[in-house]
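Remember, it's a predicted structure, so these values are computed and weren't measured experimentally.
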There are 2 protein chains.
Amino acid sequence: MTTARFYHAGCPVCVSAEQTLLNLLDPAVKVEVVHLGDQPQRVAEAEAAGVKSVPALVVEDQVLHLNFGASIDDLK
Amino acid sequence: MTTARFYHAGCPVCVSAEQTLLNLLDPAVKVEVVHLGDQPQRVAEAEAAGVKSVPALVVEDQVLHLNFGASIDDLK
């Protein structure tokens, strides 16, 4: 089973992208939604995965940055 | 059935995003892949849908810009 992590920060761009994207994904894809505003201790993990801005979807070693809500630097 | 259009221009960023994203989508989502380098007459259609850069996925009236391959202006 494919697993993915969707990182966001609650911003309007993030919420919009989340709604659009998650509705399109294969139901077999398990998505963990991580709100970096609520879980700032996970910013380092996101950055290590290559996330430069949110919203972003991380799948295995690939990062898809979706539109632009906020820079990861602004979440530290 | 949901239909989506994936606009790209053959760039490495585009191809990578296409492979990552399309593998995750629900098989019930019908995706039309549009190569704007091969079909420059469709640049105006992409722009009208709100596409600012490629690769981008358009779903109904939502645009998801995925990473950044090229500006739509550079495809005109």
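Residues L25(B) and L25(A) meet the side-chain proximity criterion, which asks for heavy atoms closer than 4.5 Å. Counting heavy atoms from C-beta outward, L21(B) and L21(A) have side chains that approach closer than 4.5 Å.
Note: the hydrophobic cluster containing L57(A) does not contain I72(A) (ILVMFWY, side chain heavy atoms under 4.5 Å, direct or indirect links). Under the 4.5 Å side-chain heavy-atom criterion for ILVMFWY residues, a single connected hydrophobic cluster contains both V29(B) and F6(A). Transitive grouping of hydrophobic side chains (ILVMFWY, heavy atoms separated by less than 4.5 Å) brings V59(A) and L22(A) into a common cluster.
Nearest approach of Q62(A) to T20(B), heavy atoms of both residues: OE1-OG1, 3.1 Å. Contact record, L66(A) with L66(B): CD2-CD2, 3.2 Å, taken as the closest heavy-atom pair.
The distance from atom CG of L64(A) to atom CG of L24(B), rounded to the nearest 0.5 Å, is 7.5 Å.
Only the backbone of V63(A) comes within contact range of chain B, with at least one heavy atom under 4.5 Å from a heavy atom of that chain. Both the backbone and the side chain of S16(A) come within less than 4.5 Å of a heavy atom in chain B.
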